Each structure stands twice: as structure tokens, then as C-alpha cells.
There are 2 protein chains.
Amino acid sequence: MAAERAEARRTTRQLALVLAAVQASGTEHPTAERVFARVRRDLPRISLGTVYRNLQRLVSDGRIGALAHLRDRSLRYDPTAPAHDHFVCEACGHIDDLPAGTPPGGLAAAEHAGHAVTSHALVLYGCCRTCRARA
Amino acid sequence: MAAERAEARRTTRQLALVLAAVQASGTEHPTAERVFARVRRDLPRISLGTVYRNLQRLVSDGRIGALAHLRDRSLRYDPTAPAHDHFVCEACGHIDDLPAGTPPGGLAAAEHAGHAVTSHALVLYGCCRTCRARA
DNA sequence: CTCGGTGCAAAGGGTTTGCATACAT
DNA sequence: ATGTATGCAAACCCTTTGCACCGAG
């Protein structure tokens, strides 16, 4: 499920720029399309396919994180690779990172059922600080 | 976010069978395709589009639940409408329901950041009881 | 009789893939 | 030189939609 073989992987301008775009995205959690738009400013001839391929590689190499469990089922990327939870504002769509701290709620129940839990994905929904102030 | 107007909704054989199929699915958490296959046994001429439309309606009417937070981004349906968490076995793919009990882990952090949390989705991943026994 | 639901088929969008070429090693 | 990564475009998958007909109320 992680990188298996370092293999003969080349360092291309495309890969570097895709990584840079995600790293520079802060808390935006960009979609592939958005990363594409950003990288395109420096490399106008890059293709969406290449962006997807590099994004995939960076994720499986553990260099960036992926967010694949949002309610709208969009696929987003995260400069922070280690697993952590997220808060999604239903008003503005902003996605905030949450510290990975506490263990997930259903853990005890799952283990009581005999399952071994190795990871989890948690998304909180609500109205963010900014939107609440605005209302 | 829920049903807004009862309106003039008709009870068709298709709707009833789609509901029945989900209700009979136990803990399978079927995809639309699977519901389609099942309903087709009784109504060979039903179309996938109709299944999707009825599934949508049943969800927004709160008669069944939807699971849109899986890592593989598949969309699944659940006879249990009230929100609850899930455990996914990475070995066999089985999805188990977890009691809705405890509040989610990052709650305190999110509220500390000034966000108002109204709901959440939690999916635990690991190896289920059965697969562990098998190994 | 009405108009909401259905079947069919085509459209959509987001992501992946095949292929010839370009380029990192 | 060697073979990986790229660009392009077509293919894919899953879900949604448009439209004419059907049938529940």
C-alpha cells in the first residue's frame, strides 16, 4: 500500500513542479485540476495526465497526502503526508486540517467485534469560524 | 438537506423494489449496480437510471442511508438511515456497521478552532475478524 | 385525464491508459 | 544508448439527464 520499490525513477521538471504546487497550496487541498492549473503557469505544455501520474507517485512515495473520502467524493491532495483528520465547512467549502491526536471514536467497538484497526479516515462537517462570523 | 416537500410522489413498483433490495441487503452495503442486479430479478425491464433516481430519493427521504466516504470513492447504500460509522476490511472488502455512539475524535480540536461541527463521517480500516482467523 | 415516473440512450465529469516521442541517466 | 516519463487523445467508469411513453392517482 506504500512505495514498494524505489526503482529507476527519474527526476523530471514536471514531477518537481507538481510537488512544489502541492507543497505551496497550504490549506487549500487542491484537486488535480487545480494543481494542473498552477503547474501550467511554469510549464504550459504539461498535460493533465502527467499531473495525475505524478500526483499518484508522490502519494505512494509518501511525499504528499491524498484525501479521497469527502462527501462529494472529490479527490484532493494535501502537502501533509502523515494521516490526519479534516474539517469541512459546508458553507464555504474550506477544508481545515485537524491534529492527528486522539484515536477515532468507534475504535473500541470495532475491536470488540474482533477487527484489527490499522487506520482510519475522519471528516467533520459544519460551519467554520469565518462563515460563522459572517452570518 | 432532508426531504422538503412530500409533494405528489407516486409509489411505483420500481421504488418499492429498490427499497426492498436495500433493506434486504443486510450488511452488504451494495452499490447501485448491485441493487440494479437484484431488482432486475423481479423487474427485468427496470433501467439503471431508474435505480439511481429511486436510490437518491430514498436517501433524501431518509428511508435509507448512503455511504460516500470510502477510500475507493465508491458510492454505497445502507438500510440503516441514521448516520453511523463503518469499519472496512482491507482484505475482503467487507463493510461492517459500527454503533453511532461516541463523538468523533477531532471534535474538541475543531471547536477549539472556532468551527461548529454538525456531523461527521468516520471509516475505520483494518482486517476483520473473519480474515484474521483465516490467516 | 394528468403529470410524475420509467426506459432508453446519450451526455457528463473526473481519472486512467495506449502510444509514439522526448529526455534523464 | 536505454528505457522511463511525457503529451495527446481516446477510453473508462460511474452517475446524471433529455425525451417520449407509460401508468399511478
Side-chain angles (χ1 to χ4, degrees), chain A residues 3-22 29-61 63-78 93, chain B residues 3-22 29-61 63-78 93:
Chain A
E4 27 185 55
R5 289 202 302 164
E7 194 81 29
R9 30 194 47 183
R10 299 175 180 177
T11 304
T12 63
R13 194 157 158 56
Q14 286 83 346
L15 179 65
L17 284 170
V18 167
L19 173 57
V22 175
H29 298 91
T31 60
E33 200 74 45
R34 246 179 133 47
V35 172
F36 176 53
R38 177 152 203 151
V39 174
R40 227 180 188 186
R41 299 204 292 246
D42 301 290
L43 235 132
R45 300 196 58 74
I46 194 173
S47 69
L48 227 203
T50 295
V51 170
Y52 272 106
R53 280 182 290 233
N54 283 320
L55 245 12
Q56 272 181 190
R57 158 183 278 189
L58 289 167
V59 169
S60 65
D61 283 2
R63 306 237 266 158
I64 63 175
L67 242 135
H69 28 253
L70 300 173
R71 194 171 277 167
D72 67 358
R73 305 195 310 138
S74 64
L75 186 37
R76 289 157 173 281
Y77 297 89
D78 192 321
Chain B
E4 29 185 52
R5 287 201 303 163
E7 192 81 29
R9 31 194 46 183
R10 297 176 182 176
T11 304
T12 62
R13 193 155 160 56
Q14 287 83 344
L15 180 64
L17 284 170
V18 167
L19 174 56
V22 175
H29 299 90
T31 58
E33 198 75 43
R34 250 180 130 48
V35 172
F36 176 52
R38 179 154 202 148
V39 174
R40 226 180 189 184
R41 300 204 290 246
D42 301 289
L43 235 134
R45 301 196 57 74
I46 194 173
S47 69
L48 228 201
T50 295
V51 170
Y52 273 106
R53 279 182 292 233
N54 283 320
L55 245 12
Q56 271 181 191
R57 159 183 277 187
L58 290 168
V59 169
S60 64
D61 283 1
R63 304 235 268 155
I64 63 175
L67 239 137
H69 294 268
L70 301 174
R71 197 170 274 167
D72 67 357
R73 304 197 309 140
S74 63
L75 187 37
R76 288 155 174 284
Y77 298 89
D78 193 322

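Throughout, protein chains are lettered first and strands after them, A, B, ... in sequence-line order, and every chain is numbered starting at 1. Remember, predicted model here, so these are calculated numbers, not experimental data.
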Candidates C/dC8, D/dT15, D/dT6 - which lies nearest the side chain of B/Ser47: C/dC8
Atom-to-atom span, CD of B/Gln56 to P of C/dG5 - whole angstrom: 13 Å
5' precedence on DNA chain D between A/Arg73 and A/Arg45 (nearest-nucleotide basis): A/Arg45
Residue met sooner reading DNA chain C from 5', once A/Glu33 and B/Arg57 are mapped to nucleotides: B/Arg57
Length of the CG-P vector between B/Leu75 and D/dC14, whole Å: 11 Å
Distance, rounded to the nearest Å, where A/Leu48 contributes CG and D/dA5 contributes C1': 16 Å
Atom pair distance, as rounded to whole Å: CZ in A/Arg71 and P in D/dT15: 17 Å
C/dG5 OP1/OP2 closer than 4.0 Å to side-chain N/O of B/Gln14: no
Exercise: identify the closest heavy-atom pair between B/Ile64 and B/Tyr77: CD1-CD2, 4.0 Å
Euclidean distance, atom CZ of residue A/Arg40 to atom C1' of D/dT6 [Å, nearest integer]: 15 Å
d(CG, A/Leu55; P, D/dT6) in whole Å: 12 Å
Within 6.0 Å of CZ in A/Arg57, more than 12 heavy atoms from elsewhere: yes
5' priority, DNA chain C, between B/Thr12 and A/Tyr52 [closest heavy atom]: B/Thr12
Pairwise distance NE2(B/His29) to OG(B/Ser74) - rounded to 0.5 angstrom: 11.0 Å
Touch class at under 4.0 angstrom, heavy-atom based, for B/Thr11 against every strand present: sugar-phosphate
Nearest-Å distance for atom pair CZ/P, residues A/Arg9 and D/dA5: 7 Å
Closest nucleotide among C/dC3, C/dC8, D/dT6 to the B/Arg53 side chain: C/dC8
Sugar-phosphate, base or nothing in reach of B/Arg10, heavy atoms under 4.0 Å: base
Donor-acceptor contact below 3.5 Å, side chain B/Arg76 vs main chain B/Leu67: no
Residue met sooner reading DNA chain D from 5', once B/Arg13 and B/Gly49 are mapped to nucleotides: B/Gly49
Atom pair CZ/CD1 of A/Arg38 and A/Ile46 - distance to nearest 0.5 Å: 13.5 Å
Nucleotide C/dC23, atom P - distance to CG of A/Leu43 in whole Å: 11 Å
